[in-house]
Each structure stands twice: as structure tokens, then as C-alpha cells.
Number of protein chains: 2
Amino acid sequence: MTVIFSKKCEYGLQAVLYMAAKESGCVCPSEEIARKLKIPKEFVSKILQNLTDSGIVDSKKGKSGGFMLAKDPSKIRLIDIVAAIDGLDIFNSCVLGFPSCSPDKPCPVHHNWGELRSKAYEMLASETLDKFKEKTINKIGKI
Amino acid sequence: MTVIFSKKCEYGLQAVLYMAAKESGCVCPSEEIARKLKIPKEFVSKILQNLTDSGIVDSKKGKSGGFMLAKDPSKIRLIDIVAAIDGLDIFNSCVLGFPSCSPDKPCPVHHNWGELRSKAYEMLASETLDKFKEKTINKIGKI
DNA sequence: TCAAAAACAGATTAAATTGTCTGATTAAAA
DNA sequence: TTTTAATCAGACAATTTAATCTGTTTTTGA
Ligand code: SF4
Ligand code: SF4
């Protein structure tokens, strides 16, 4: 059951939050991330490779290599990860699945849903990763 | 790309809204619903059979048969359809996909997301189908 | 009575998503 | 210099979801 984001996106968000909670610049191998978040290693590795292409994370090959954030946490928002993985189409789509949403043909829940979409976007766009550090540590456990 | 609900659920919601927009008690064959909503006939038929089992719609077999609402539109809420098809688990799940959500281990967006979930639930639970008639007609076209 | 049109049941296929594997390349450390 | 541990690329497998098909039963209306 999908809430909003694909598994790929959920794992990507979790992984990036995890990295942001560590000392800045420190290198995390995908094995560590997978173990801490209890998600498949190869999968998270693939996802982080994607995010590397998107310029959100950086990677270091070879022994004692791994992934790290490409920018300062204060420069990364959750919505950036969502945009890179799932895209931003959800924020223009209808909950009821009606095609061609337009203001002159509003669906039955248009007003409410439009507002919720905006709030959700705002939630993901207004704060940067550095704001989440403590809560991430509390949620995931010791880092 | 799933917004929140599965295709099954989206189609179910649309079909029920469609039926509620017609004169009460009138019979809609799945072919008509599929044509008007531009969704696969066999699929919507399956979904309405499910909703029949759930007691939300009723069916009439044989020639000039079809589906109809089992109760008065003022007795049906959108959340009832969601509950019957996708279930209500989304309203207890985390957007970030973290397991075991609990108040003492809130995830980084706990407060915001909790509020959005409640608002979404409210949107689907507070009004009954009869309130949506006009808007549905405007959205789907002449009925 | 009988042909047509519908729901219904259940099997099957198709597509998308999720997860795994293999091997190549790279770089650090022993 | 060689071993080890990592990313990376791309194929592959498994699972879930979406959609279709086949046939049966039921009912109406010609
Ligand atoms: S106008 Fe209606 S159909 Fe379009 S997104 Fe808003 S709620 Fe959905
Ligand atoms: S507490 Fe955190 S993890 Fe749990 S549902 Fe709320 S936001 Fe998600």
C-alpha cells in the first residue's frame, strides 16, 4: 500500500535524512545505511546512485568509500529528493484520479484537495535537512 | 504514479460519484459507467462487484440490469468507499515509510504529516455523496 | 419461448514496481 | 603490490497491481 511516495522515494528520503544526521562530510557505505534503516542494501545503493546523478549526494568508490551529501544539509530540502525520484506530478494530480484537472472543471473535492496538496508541498519544501537532525536521530536511534 | 489511492479505489470512487449524480434508484450497467468515465469496463465491473459485497452498491442481473447505490446518497461518504477498497491503513502510516510510528519516536515530519492525514480523512468523511451531485455533473459532463 | 444483455466467478495475462545478482571498476589499506 | 571493500552498470527475478478473457447464470423484453 503506497501512501504517497514509491518505496524508492521513501528509502531515498530515509537515507538522505540518515546521512544528514551524521557529522557533515562523513562517508556512509550503502551497507551501513541498509543495516541501520533495515532496507535492502542493493536497492538503497541503486537509489543513492540515482541521487548521485541528480547531484544531491556524492559518492566515493573503492575501499572505505561510500555515499555522502553533495551539499550542506541547509541547502537540501525533502522536496528535492522527491523531485529527483518520483517527480512532482503528484502535486498536480487529482486524488480521485480524474483526468485533466482544471479550475473550470473542479472535481467534487477540488478545494479541499488543492489545499492539502499545497500544505504537503510546503511541508517538504519549507525546511532544510539540517532542521531534522535531532528528530532523525531520535527516530532511527543512535548514529 | 499513485497519488494516494490505488486505481481500483479511484475508479470505485468515480463510479459511485457517477451513480450518485443520477436520479436515485436508477440502474447503471457497467458499460455505461466505463464509457462515461473512460475506464475499462471489466475492471469497473469487478470493482462494483466488490462494493456490492460491501453493501455500498446493489446489483441487478439480467437484461436491463446493472448497478445502483444500495443506500441513499446522504448515507454514503467517500471514506466508506476507500475503507471498502483500499482500507484505512494509510491514515495510520508514515509518509516517509518509517516503520512503527509512535508518538515517542516521531519522525522528522511527524506533526505536519499527522495534521495532513487528519485533514484528508476529514475531507472524505465529513460530507456525504448527495453534496457532490452538481460538481460531479460539472466534472464528468452531462448525465 | 427465446435471444439479448446484464452481473458474476474465476483464470489468465500484462505492466509496473520492488528487489536481487553478476561482474566490472576503483581506491584504500595491508 | 596485492587484497579488500566499495560504487557502479546492467541484466534478471519476484511480487504486486492492473487489466482482460472465458464462460455461466440470470433476467427482461421481443
Ligand atoms: S480540480 Fe478536482 S480533479 Fe482536479 S485535482 Fe482538484 S480535486 Fe482533483
Ligand atoms: S510519527 Fe513520524 S513516522 Fe510516524 S507517521 Fe508520523 S511522521 Fe510518520
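Throughout, protein chains are lettered first and strands after them, A, B, ... in sequence-line order, and every chain is numbered starting at 1.
- With sequence neighbours left out, A:Phe43 forms a ring pair (Phe, Tyr, Trp, His ring centres under 6.0 Å) with A:Tyr11.
- The side chain of A:Tyr11 places an N or O atom within less than 4.0 Å of a non-bridging phosphate oxygen (OP1 or OP2) of C:dG19.
- Regarding A:Gln49, its CD atom lies at a distance of 10 Å from the C1' atom of D:dG10, rounded to whole Å.
- B:Asn50 has its CG atom 14 Å from the C1' atom of D:dA19, to the nearest Å.
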Inset, instruction - Take A:Met68 and A:Lys60 through the test side chain to side chain contact (heavy atoms under 4.5 Å, CB included) and record every step on the way to the result. - result: CA-CA 8 Å; A:Met68 68 219 80; A:Lys60 186 157 169 272; 3.8 Å; yes

Inset, instruction - Would you mind building the protein contact string for nucleotides 20-30 of chain D? One character per nucleotide, 5' to 3', B for base within reach (heavy atoms under 4.0 Å), S for sugar-phosphate only, - for untouched. - result: BB---BBBB--

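- Neither side chain, A:Glu122 nor A:Ser118, offers a donor N or O lying under 3.5 Å from an acceptor on the other.
- Looking at heavy-atom distances under 4.0 Å, A:Ser30 makes contact with sugar-phosphate atoms alone, never a base.
- Under the 3.5 Å distance criterion, with hydrogens and angles disregarded, a donor-acceptor pair is assigned to the side chains of B:Asp86 and B:Ser6.
- Under the 4.0 Å criterion applied to side-chain N and carboxylate O atoms, B:Lys7 and B:Glu10 are assigned as salt-bridge partners.
- Rounded to whole Å, atom P of C:dA4 lies 17 Å from atom CD of B:Glu31.
- Across the protein-nucleic acid pair, B:Lys8 atom NZ and D:dA19 atom P stand 11 Å apart, rounded to whole Å.
- Rounded to an integer number of Å, the gap from CD1 of A:Ile39 to P of C:dT20 is 11 Å.
- When rounded to the nearest whole Å, the span between CG of B:Asp53 and C1' of C:dA9 equals 11 Å.
- Judged as a side-chain contact (heavy atoms from CB on, under 4.5 Å), and not counting sequence neighbours, the contacts of A:Met123 are B:Val95, B:Val109, B:Asn112, B:Trp113, B:Leu116.
- What separates CD1 of A:Ile47 from P of C:dT18 is a distance of 9 Å, to the nearest Å.
- Atom CD in B:Glu32 sits roughly 10 Å away from atom P in C:dA7 (whole-Å rounding).
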